[in-house]
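Take a look at the structure set out below.
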Number of protein chains: 2
Amino acid sequence: MEQKKVDRTKSGSQKLGQLILLLGRLEKHPHTFGEAGPLTPSEIHTIDAIGMERGVLMSELANRLRVTKGAVTQIIVRLEDKNLVERTPNPTDSRSVIVSLTEKGKSAFRAHEEVHLHFYRELSSQLDEQEIEIFEKCIEKLCIHLQK
Amino acid sequence: MEQKKVDRTKSGSQKLGQLILLLGRLEKHPHTFGEAGPLTPSEIHTIDAIGMERGVLMSELANRLRVTKGAVTQIIVRLEDKNLVERTPNPTDSRSVIVSLTEKGKSAFRAHEEVHLHFYRELSSQLDEQEIEIFEKCIEKLCIHLQK
DNA sequence: CCTATTTAGTTTAGTTTATAAACAAAATCA
DNA sequence: TGATTTTGTTTATAAACTAAACTAAATAGG
């Protein structure tokens, strides 16, 4: 009985390990989203962090992405060159810069979102109502657990 | 009813998205394992891929890690400098090289495994038997789904 | 009202992790 | 045997970061 429990922990942990491995690989290579050409993982990740609503300050973006301000400057320059984001001066504080998505950037955002939705739909089509509910609950606990 | 289903997909997909985000962050910074000093994600990942059993050929390692042979050469040089792996000539084919963990490397492997086990134990302590079972089943389906 | 400090963002130099292409040496095929 | 394939290394390059030095604007306090 005790032995069985230990084995279960080991196999469960290995499954989770494999999941982490596969998820890491997933977001590791460039991919084309919407009207935008191929985007690297960090490019689409940045577009995702900017979001569809109003613009974001560079420093806020650095917080969201958990990188330095210098890293944000670099990637935003690249995204600006590709016409995916816009930089506008902040009218209420001329030190800061507001970053927002262009139409092309928004189309990449939506295409990326759609990929996620499609993936989730495919997955949940293989589960019943109760399984989906428990799965989501577990993901949530896992997330809370990871935030420490 | 239909609306409800759409919303469920969206929120579920977002939860999964957050999980991917957090897992990506988790394995992004160096960490100390066992007797080895701080190891970068790709260093511990490589140690994990070599494993505790008999040695592995460089090319097999490249396959497991899904990187080029050149990348493997580079990381193995670094791990060798840190005395975590050993290179021995293959007696049956003198083109190839067998890579295996040193005692220090094995201690890093075990410490890393222990981190995963501990994490999984913590997580599953918050779930009941039925939830764990369904969760593992879902992870498995997710993995299968990701391998395409 | 200045000066001193803080805040926002940029620039630069260097690191890590990877690729791709050219290569050398050994094994295998025909 | 000679041509080809396989195994691994080397080298030059790129992406994605960090850390530190910097500029310019805002703010706090004497």
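Letters A, B, ... mirror the listed sequences (proteins, then strands); counts begin at 1.
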Counting any heavy atom closer than 4.0 Å, what does [X] reach on the DNA or RNA strands: base, sugar-phosphate only, or nothing?
X     : answer
B:T73 : base
A:S59 : sugar-phosphate
A:T40 : sugar-phosphate

In this structure, how many angstroms lie between the [atom2] atom of [N] and the [atom1] atom of [X], rounded?
X     : N      : atom1 : atom2 : answer
B:I75 : D:dT9  : CD1   : C1'   : 16 Å
B:H45 : C:dT16 : NE2   : C1'   : 16 Å
A:I76 : C:dG9  : CD1   : P     : 11 Å
B:I44 : C:dT16 : CD1   : C1'   : 17 Å
A:H29 : D:dA14 : NE2   : P     : 19 Å
A:I98 : C:dA8  : CD1   : C1'   : 13 Å
A:D81 : D:dA14 : CG    : P     : 16 Å
A:L57 : D:dA25 : CG    : P     : 17 Å

By nearest atom, which of the nucleotides [options] is closest to the [X] side chain?
X     : options                : answer
B:D93 : C:dA27, C:dG9, D:dT11  : C:dA27
A:Q74 : C:dT10, C:dT19, C:dA13 : C:dA13
A:M58 : D:dT18, C:dT10, C:dT17 : C:dT10
B:K69 : C:dG9, D:dT9, C:dT17   : D:dT9

| said: Can you classify the ring geometry of A:F135 versus B:F135 as parallel (below 30°), tilted (30 to 60°) or perpendicular (above 60°)? | reply: tilted

| For A:M58, which of A:N90, A:I98, A:I76 qualifies under side chain to side chain contact (heavy atoms under 4.5 Å, CB included)? |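 Single side chain to side chain contact (heavy atoms under 4.5 Å, CB included) partner of A:M58 among A:N90, A:I98, A:I76: A:I76.
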
| Considering residues at least two apart in sequence or located in another chain, which fulfil the salt bridge (Lys or Arg N to Asp or Glu O under 4.0 Å) criterion with A:E86? | none

Under 4.0 Å from OP1 or OP2 of [N]: is there any side-chain N or O of [X] that close?
X     : N      : answer
B:K28 : D:dC17 : yes
B:R95 : D:dT9  : no
A:T68 : D:dT18 : yes
B:R87 : D:dT9  : yes
B:S42 : C:dT17 : yes

| message | Reading DNA chain D from 5' onward, which residue's closest nucleotide shows up sooner: A:T92 or A:R78? | response |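 In this pair, the answer is A:R78.
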
| Taking N and O atoms by type only, does the side chain of B:E60 place a donor or acceptor under 3.5 Å from a partner on the base of D:dT7? | no

| Step-by-step salt bridge (Lys or Arg N to Asp or Glu O under 4.0 Å) determination, A:E35 to A:K106 | CA-CA 9 Å; A:E35 302 159 26; A:K106 285 179 185 173; over 6 Å; no

| Given side chains that start at C-beta, do those of A:V115 and A:H31 come closer than 4.5 Å, heavy atoms only? | no

| message | Hydrophobic cluster membership, with links at side-chain heavy-atom distances under 4.5 Å among I/L/V/M/F/W/Y: are B:L26 and A:L16 in one? | response | yes

| request: On DNA chain C, check which nucleotide each of B:E43 and A:S96 is closest to and give me the residue with the more 5' one. | output: A:S96

